[in-house]
Amino acid sequence: MSKLSYKIFLILIIFMSTFYNSQTVTVRGIVKDSLNINNFISIIVNDTINKFTDKAFKDETFKNKNSNKYDELVKKFSTFPNYPDGSYSITAKLTDTLYFYKRDYITQKYRVADIIKKNIKVILRPRPCIHYRKCDQKASSRLYVFVGKK
């Protein structure tokens, strides 16, 4: 009888863990940039929109077949924070990842479970500038490259 109860217990644990992973929650948090401008920040679940556009650019039949689904993806899997305070709210699974984008800033990503558990406040940092440096090579390196086509 103990083997039967042990097997039932294992089945229940497996069932509960699969249900736990598929559970959707509403994630609330704060995202800001380091300059406190806080506009034009986008929050996307699992980088879904970028994956969709990349596939649409590579595969013409996929693009023609799913051209009307882009707006639906944007409504379902992305949001923008409120302007003055940077607060946001989005629905996602506990196993999903949220990507925080802003042009000329370093993209950050966090798991939904971590955001909820650790109450993470996201602060986006600017992308570092790469300054142009003039080449100061005095002598030639005697390395020659020819690229041609017949």
>> Restricting to side chain to side chain donor-acceptor pair (under 3.5 Å), what partner residues turn up for Tyr83, sequence neighbours left out?
In response: none
> Partners of Asp85 by side chain to side chain contact (heavy atoms under 4.5 Å, CB included), sequence neighbours excluded?
Replying inline: Asn82, Ser87
> Could you walk me through whether Ile123 and Phe100 pass the side chain to side chain contact (heavy atoms under 4.5 Å, CB included) check?
Replying inline: CA-CA 9 Å; Ile123 299 176; Phe100 299 89; over 6 Å; no
> Can you tell me how far the CG atom of Asp59 sits from the CG atom of Asn64, to the nearest 0.5 Å?
Replying inline: 9.0 Å
>> How long is the straight-line distance from OH of Tyr70 back to CD1 of Ile49, given to the nearest 0.5 Å?
In response: 5.5 Å
> Closest approach of Gln108 and Arg125, non-hydrogen atoms and distance?
Replying inline: NE2-N, 4.2 Å
>> Checking Phe77 now: which residues fulfil ring-ring contact (aromatic ring centres under 6.0 Å, His included) with it, not counting sequence neighbours?
In response: none
> Which heavy-atom pair separates Pro126 from Ile106 by the least distance, and what is that distance?
Replying inline: O-CD1, 3.9 Å
>> Set out, in order, the CA-CA distance, both residues' side-chain angles and the distance that settles side chain to side chain contact (heavy atoms under 4.5 Å, CB included) for Ile43 and Tyr99, then state yes or no.
In response: CA-CA 6 Å; Ile43 303 162; Tyr99 287 77; over 6 Å; no
> Mind checking what makes side chain to side chain donor-acceptor pair (under 3.5 Å) contact with Thr26, not counting sequence neighbours?
Replying inline: none
> When clusters are formed by joining ILVMFWY residues with side-chain heavy atoms under 4.5 Å apart, either directly or through shared neighbours, do Val74 and Val45 land in the same one?
Replying inline: yes
>> For a 4.5 angstrom cut-off between non-hydrogen side-chain atoms, does Ile41 reach Leu124?
In response: yes
>> Taking ring-ring contact (aromatic ring centres under 6.0 Å, His included) as the cut-off, I'd like each qualifying pair that reaches into residues 34-66, sequence neighbours left out, listed once.
In response: Phe52-Phe62
>> If I take atom CG from residue Leu98 and atom CD1 from residue Ile90, how far apart are they, to the nearest 0.5 angstrom?
In response: 6.0 Å
> Atom OG1 of Thr97 and atom CD1 of Ile115: how far apart are they, to the nearest 0.5 Å?
Replying inline: 8.5 Å
> Going through the distances and angles, do Ile116 and Val25 end up as a side chain to side chain contact (heavy atoms under 4.5 Å, CB included)?
Replying inline: CA-CA 10 Å; Ile116 293 171; Val25 294; 3.6 Å; yes
> Taking atom CG of Asn66 and atom CG of Leu73, what is their separation to the nearest 0.5 Å?
Replying inline: 9.0 Å
>> Give me each pair satisfying side chain to side chain donor-acceptor pair (under 3.5 Å) with a member in residues 41-54, each pair once, sequence neighbours excluded.
In response: Asn46-Asp96, Asp47-Asn50, Asp47-Tyr101, Asn50-Tyr101
>> Measuring from atom NZ of Lys109 to atom CG of Asp114, what distance do you get when rounded to the nearest 0.5 angstrom?
In response: 12.0 Å
>> Whether the side chain of Gln23 engages the backbone of Leu94 through a donor-acceptor N/O pair (distance < 3.5 Å, no angle test) should be reported.
In response: no
> Do Tyr105 and Asp33 come within less than 4.5 Å of each other through their side chains, counting heavy atoms only?
Replying inline: yes
